[in-house]
Visitor: 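Once you've had a glance at the structure underneath, I'll fire off some questions.
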6 protein chains.
Amino acid sequence: MNAPTRLEASPAEKAKVLLDALPYIQRFNGKTIVIKYGGHAMVDDDLQESFARDIVLLKYTGMNPVVVHGGGPQIGNMLDKLGIQSSFVRGMRVTDAATMEVVEMVLVGQVNKAIVRMINQHGGRAVGLSGKDGSLLRARRMHEAGTAEDIGLVGVVEKVDAGVIDTLDRGGYIPVIAPIGVDAEGNTYNINADLVAAHVAAALKAEKLVLLTDVDGIRGAEGTVLPSIDAKAARVLIERDVISGGMIPKVECCLDALAGGVAKTHIVDGRVQHALLLEIFTSEGVGTQVVGRA
Amino acid sequence: MNAPTRLEASPAEKAKVLLDALPYIQRFNGKTIVIKYGGHAMVDDDLQESFARDIVLLKYTGMNPVVVHGGGPQIGNMLDKLGIQSSFVRGMRVTDAATMEVVEMVLVGQVNKAIVRMINQHGGRAVGLSGKDGSLLRARRMHEAGTAEDIGLVGVVEKVDAGVIDTLDRGGYIPVIAPIGVDAEGNTYNINADLVAAHVAAALKAEKLVLLTDVDGIRGAEGTVLPSIDAKAARVLIERDVISGGMIPKVECCLDALAGGVAKTHIVDGRVQHALLLEIFTSEGVGTQVVGRA
Amino acid sequence: MNAPTRLEASPAEKAKVLLDALPYIQRFNGKTIVIKYGGHAMVDDDLQESFARDIVLLKYTGMNPVVVHGGGPQIGNMLDKLGIQSSFVRGMRVTDAATMEVVEMVLVGQVNKAIVRMINQHGGRAVGLSGKDGSLLRARRMHEAGTAEDIGLVGVVEKVDAGVIDTLDRGGYIPVIAPIGVDAEGNTYNINADLVAAHVAAALKAEKLVLLTDVDGIRGAEGTVLPSIDAKAARVLIERDVISGGMIPKVECCLDALAGGVAKTHIVDGRVQHALLLEIFTSEGVGTQVVGRA
Amino acid sequence: MNAPTRLEASPAEKAKVLLDALPYIQRFNGKTIVIKYGGHAMVDDDLQESFARDIVLLKYTGMNPVVVHGGGPQIGNMLDKLGIQSSFVRGMRVTDAATMEVVEMVLVGQVNKAIVRMINQHGGRAVGLSGKDGSLLRARRMHEAGTAEDIGLVGVVEKVDAGVIDTLDRGGYIPVIAPIGVDAEGNTYNINADLVAAHVAAALKAEKLVLLTDVDGIRGAEGTVLPSIDAKAARVLIERDVISGGMIPKVECCLDALAGGVAKTHIVDGRVQHALLLEIFTSEGVGTQVVGRA
Amino acid sequence: MNAPTRLEASPAEKAKVLLDALPYIQRFNGKTIVIKYGGHAMVDDDLQESFARDIVLLKYTGMNPVVVHGGGPQIGNMLDKLGIQSSFVRGMRVTDAATMEVVEMVLVGQVNKAIVRMINQHGGRAVGLSGKDGSLLRARRMHEAGTAEDIGLVGVVEKVDAGVIDTLDRGGYIPVIAPIGVDAEGNTYNINADLVAAHVAAALKAEKLVLLTDVDGIRGAEGTVLPSIDAKAARVLIERDVISGGMIPKVECCLDALAGGVAKTHIVDGRVQHALLLEIFTSEGVGTQVVGRA
Amino acid sequence: MNAPTRLEASPAEKAKVLLDALPYIQRFNGKTIVIKYGGHAMVDDDLQESFARDIVLLKYTGMNPVVVHGGGPQIGNMLDKLGIQSSFVRGMRVTDAATMEVVEMVLVGQVNKAIVRMINQHGGRAVGLSGKDGSLLRARRMHEAGTAEDIGLVGVVEKVDAGVIDTLDRGGYIPVIAPIGVDAEGNTYNINADLVAAHVAAALKAEKLVLLTDVDGIRGAEGTVLPSIDAKAARVLIERDVISGGMIPKVECCLDALAGGVAKTHIVDGRVQHALLLEIFTSEGVGTQVVGRA
């Protein structure tokens, strides 16, 4: 007997799975879970639906999921259509005013709305937010925050005003956040979605920050995925170049969130169907958890 | 490959089971489910634990379970120890004052407390109630209600004052009710637990009344268990003696509850592990549902 | 002495203006005012700022303003940039899937955000919504609703679920709505903003619906602007072709809103600075009010 | 003229009594009064009724009475009927599993219910609780708490979770508590009712702890009843053996309660009709008050 | 043994009096009692104190007393001092503007304040109100209401806006009302206090209206005080001149209050110490109750 | 063109005035403003109406105005009519019992009621209070507070119990306070209204204390009115006799209020129409603000 032919678990197995989820449901009851949604999970149709259903399940079993999304590929696609060319510095798009306008339009008007619609189609009650709504994300120019080159309207988070999230939460809604910030003068900034998720999680004193990524977790010196790592050890692995490249900013987001009061952070393989659900409701490891204070 | 060697569902299967439960969780969110707990499910250790875990899962996934329990075997056992003998009329124990004292003591002080303890051991927050607490169950002597013989302190429900259930519900507690009633003069009555469950469900305008029994459901004229039957058809089956014996009062409790405004009623096989959970969270049929207005 | 040289009213004049506003502030205290924002008022920089300040003043003097905006010129502009061509039927853009995507992106991701930012810059607390957020606007295809030609993804409002507006209102936020609807299958529709404003006003039982337009009001048979007209008279003027062309759908939105329970409707000249403020807080007529039940 | 012939106070006397109660009603308005109910007051019919009426009067004049009861004689009686024999160590019953079962059954299912019924008959709204309900009383084995002999399932209070009392209080109910505790493993313990009353009073930061006893108060060195004694003096009297025997644990309960934040404690003669009422509402001394921090 | 020598009831008598009050405390819990305070009870020092203590007792035992007072003698006294002379028509003072000013000043600034102070001295929390405060009493000129002669600024109650009473009640305060009304133009009127009490009682759907008077009740045809009379019988007695003179308007106030939804009305002898307390808390009759709908 | 002929501001001017008020409306939203109302503003008919309308505007634009009033001229007038003569010590009336009775009667029963009526006539919902109502102002004899001469029943504020103000505020009412205090024995005191306003403002942690006076502000050494002065500078001007006479106690009230936690204090020329409105809603200076901690 091989897996594909088995369409349905037996009643006893079903009961077991549901009851195995109970301790997790109890533990996370009323807790906030911030999820960075991006990468492959956001472009594959099946994974999109899988994600939407996971979010609705979290909400209905008593947690408060808050979604922060990216949208790199969709932005690139629209810039191409409009014939706007970009250069990149250390992986970040140099963002002039014309580019910024497209970034905002695509993230807020296209990607965010598709996620909201998908969650609502599966019985959730999502509301999309950009950092402008309710002045949620006060930003400033990354260059002014001390980075070497000026890559234009790329921002860092200066302050999170979580009032609108609290308001939507009291109304039973699921907030879905596009990573757009605004400064005191009203200028618009593109902010890295992992960074926004980390700041929002810290502002909400979230129970968990989950980063859905396109890797299977943090690999240790032996090259195997680590199920769990503490903050200090993570810093050591970065120093020793074991953690490197695009994984560094993700791990740093986790460390920032932990420092900001988030209880646990997770780097999870978003290419696996229902990775989020398995992470929250089961003992299955789907990636690496980063815990403790640095 | 045989079942015992399979210890664990695959991650994909787990996810499927959890997500298959989602529509039920959504549908029953904030709804009241009254469960009559009795028979084999109450005396078998494994089934007891299975029941307690099911109740806690219901509570944590957003429903308001209310438990009503019986206790016939335990009562008989204690009467034996005390050398008190009983006669029975149409299956009901003739209840004099000495017997009534034992009935109340066993139901309230032994059976009820064991259920409360079991639920709390599994992470729930149960509070036991007899019909005297908060004047929950106003009763009167069955004989006065019009039955032929006087079988003593056996009562029928005259009025349910659900105030204490509402109060406990607002506090997040799970009420567990022993079927003891009290009349205006303060006399104590033993009431059939199915009957109490039906009246409590009607008073609470419950979404569901679930009677856990020791049969596998209502059997039709062909002898097979009917997954669903409507109220009118049930009356016909009673008239035609297809439904007979001890099943008649159970079906009549269902019909009373439906008439009193309960949305659906279920006669479920309590000998099956997690019968309650399977009934609520899955498409598995574990008995017969009785629906519609008669 | 000519007006431009007079920079400041005298203290006595200031006091008079403020006190003259008091009866209006008292009358509209706690009332909902739905404003359709569009046309010239939305593209002229000074008028934009004037509008934002008016909205904030409404909020701070105790009313609940709800903004619904259009965005025709911005959509046309982006379609041009992307080389997507449109045909028009009776003034409405035939909307295929590619066009719809641009419409949503521009309305939600660009126009809506600019309005939200502008209001927040002036001290308000605005939150942008599309009809997808909180399933605010359930739509269906206009063609299915009975119109002759099928012009694609152009919708009519089937249902308003005002829950998210109520929630934001309780939090002290100003809702700003992009006229995008969604049907039961998740298809996206472009809806006329006047129509959305009328339906939202009716759903909220608003005190007023104010349509900011690029005309100075409804002109009667003599060609002069009518300060006020009742619903029946308006229908007569439509039948007699005195009200004609693009004014017809605007007047019909007013009549629909009145029929839906809105107390008063106004067609106001949005090209006048602070037209909204003057309409609400003063006895100045800035357009035509349409009142009464048809 | 002798007392029995005087059936009724004059109107002026009635007014005086009621008004003399006013300062006490004002002082204890909204305050919690924990009453240990036991001894003769619980077995004499007139005293039972007197107690029930006093409790209802307390509730209706704005206080929050909480009752904790014992039940020694009723337990002994039932053990006799069942032929279960007990040995005693320092006045405490050695409690094996079979005995514990009877203790719980009698206290919770018989004594508690009789008190609840009696209060409700007199217009109160009582709800019975055992320490299992809402996990009210977390206990552990007295022997593990450091006593010399192991007398079985006799417990001490480890923690009071007063949530269920608060919930019932908000609903306007009077909690009546049977002194049964439960440990983390679910084992049941018999706990001294005075001890439970003292811990509950401390957990609730009660205004008063009143122990109804079968003596007329604490006697000083001269043998007369002391109307009031402070905590330090009480300790001295214990050391000097002036306070001795069964009075020692009662006084120690008072001292514990005072140390835990209770404002005043009282050892009151429960054999006097309406001793509770006289203690609370009049200047009559009916026993000894123990006050101050030790 | 004569009364004066008995200084104190025995403990048993005290308990009896308090418990005899319990049924009344239960019955009137949370109910509103409107008391017209006037006549001898308002000018005798002992009776004043007796009244204040009675009111505080009512409040602390869970009722909501609302006091309406007169002040004829104090007004006459001040008019004399100021040399303002009055004529009377059918027992009512013809009230010109100068007189009205004195009436208001004395009732609101002297009599009302003395009552408020007295209640607060005895531990209550009273707040004085005139009919102007919170627009409590909208009046109109009695002459316009249809009476033959115009006796000036004597008014009748047109509307009671009980908002301020509800607000004070939620804050735990005792409202004390001076019978001054105001019309739409801002003119001030003197209104009969019995009439105000009746209208306020009706507006609050009070449980009781108690008129404290200087007679011992309504006397029947035989000349003895009737303990109770129903509305229809009262009308007959008025027609037959058995009820006559100044008693007629008092009885008519009772009938109006009953017609307006007040449960019971009482004409009580205010010259008896604690007449109010005896009426509410005991079975003693201190005057006549008027009940039923006419 | 001269001012009187200009009846109306142009629409543009109106809009400007309203929008110029917006920052002040935003800043003072939900804040408490205590206003001492007295002097010329209280006796001139136009100024009375102007004051009433200003207060209503404050309330409807989201602030919580609290009025404290004096009444010297009205008191003098009534004392004259009654032939009661007064002597004065340092500007304060020596107040015997007979005088005190008149003071209370006039302030509470005449002046207070006229203000309440005037505000209510203009659409506000005012409720008058004396310091006796809800025990708002606990006073003691000024002489006992340490002053040289005993001038009788002139008091100082010992304690403000702001409960009744909070209660009225929650109900949406505007409190209007007569400066009468009461001591623990129930004696009545006349207190300076500026002093009461300062204490009430401190107790409420008001945003502003505004003293309406009959001067145009504090004059500096050069004799010109100072628009703003800080607390330390004010003390210096008092020491140097630049601030002298009746201005000293007013400035000291401001300093006391600042010391008690009030954010800003203002001495404003009450002879100017709408001085209060201009002070709160415009940049016009109408007197002197005193700020900072001394």
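Letters A, B, ... are given to chains in the order of the sequence lines, protein chains preceding strands, and every chain is numbered from 1.
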Visitor: Give, as side chain, backbone, both or neither, the part of D/Glu101 having an atom under 4.5 angstrom from any heavy atom of chain B.
Guide: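 Contact with chain B involves the side chain of D/Glu101 alone.
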Visitor: Decide yes or no for B/Glu104 and D/Gln110: does some side-chain heavy atom of the first lie under 4.5 Å from some side-chain heavy atom of the second?
Guide: no
Visitor: To the nearest 0.5 Å, tell me how far B/Arg117 CZ sits from D/Ser135 OG.
Guide: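 Reported to 0.5 Å precision, the distance equals 11.0 Å.
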Visitor: Please check if the side chain of D/Tyr173 supplies one atom and the backbone of B/Val164 the other of a donor-acceptor pair under 3.5 Å.
Guide: yes
Visitor: At a 4.5 Å cut-off on heavy atoms, which part of B/Ile119 comes close to chain D: side chain, backbone, both, or neither?
Guide: neither
Visitor: Hey, which of B/Val102, B/Val106, B/Leu107 is the one that makes side chain to side chain contact (heavy atoms under 4.5 Å, CB included) with D/Met105?
Guide: B/Val106
Visitor: Top residue by heavy-atom pair count (under 4.5 Å) with chain D, among B/Val108, B/Val176, B/Asp161, B/Val111?
Guide: B/Val108
Visitor: Look at D/Ile180, D/Val116, D/Val182, D/Thr188 and state which one has the largest set of heavy-atom pairs under 4.5 Å with chain B.
Guide: D/Val116
Visitor: Under a 4.5 Å heavy-atom cutoff, which of B/Gly124, B/Ala178, B/Ala126 has the most pairs with chain D?
Guide: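 Of the candidates given, the most pairs with chain D belong to B/Ala126.
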Visitor: Does B/Asn120 reach the main-chain N or O of D/Lys132 with its side chain, forming a donor-acceptor pair under 3.5 Å?
Guide: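 Checking the backbone N and O of D/Lys132 against the side chain of B/Asn120, a donor-acceptor pair under 3.5 Å is found.
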Visitor: Restricting to non-hydrogen atoms, name the atom on B/Lys113 and the atom on D/Ser130 that form the minimum distance, rounded to 0.1 Å.
Guide: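 Of all heavy-atom pairs spanning B/Lys113 and D/Ser130, the closest is CE-OG, 3.6 Å.
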Visitor: Decide if atom NZ of D/Lys205 counts as having more than 12 heavy atoms of other residues, nucleotides or ligands within a radius under 6.0 Å.
Guide: yes
Visitor: Side chain, backbone, both or neither: which part of D/Asp169 has a non-hydrogen atom closer than 4.5 Å to chain B?
Guide: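 Neither part, no heavy atoms under 4.5 Å.
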Visitor: Using non-hydrogen atoms only, which part of B/Asp80 is less than 4.5 Å away from chain D: side chain, backbone, both, or neither?
Guide: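 Neither part.
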Visitor: Among the options B/Gly172, B/Gly83, B/Gly163, pick out the one with the most heavy-atom pairs lying under 4.5 Å from chain D.
Guide: B/Gly163
Visitor: Side-chain contact test, heavy atoms from C-beta onward, threshold under 4.5 Å: evaluate it for D/Leu168 versus B/Leu168 and give yes or no.
Guide: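 When only atoms from C-beta onward are counted, B/Leu168 and D/Leu168 do touch, with a gap below 4.5 Å.
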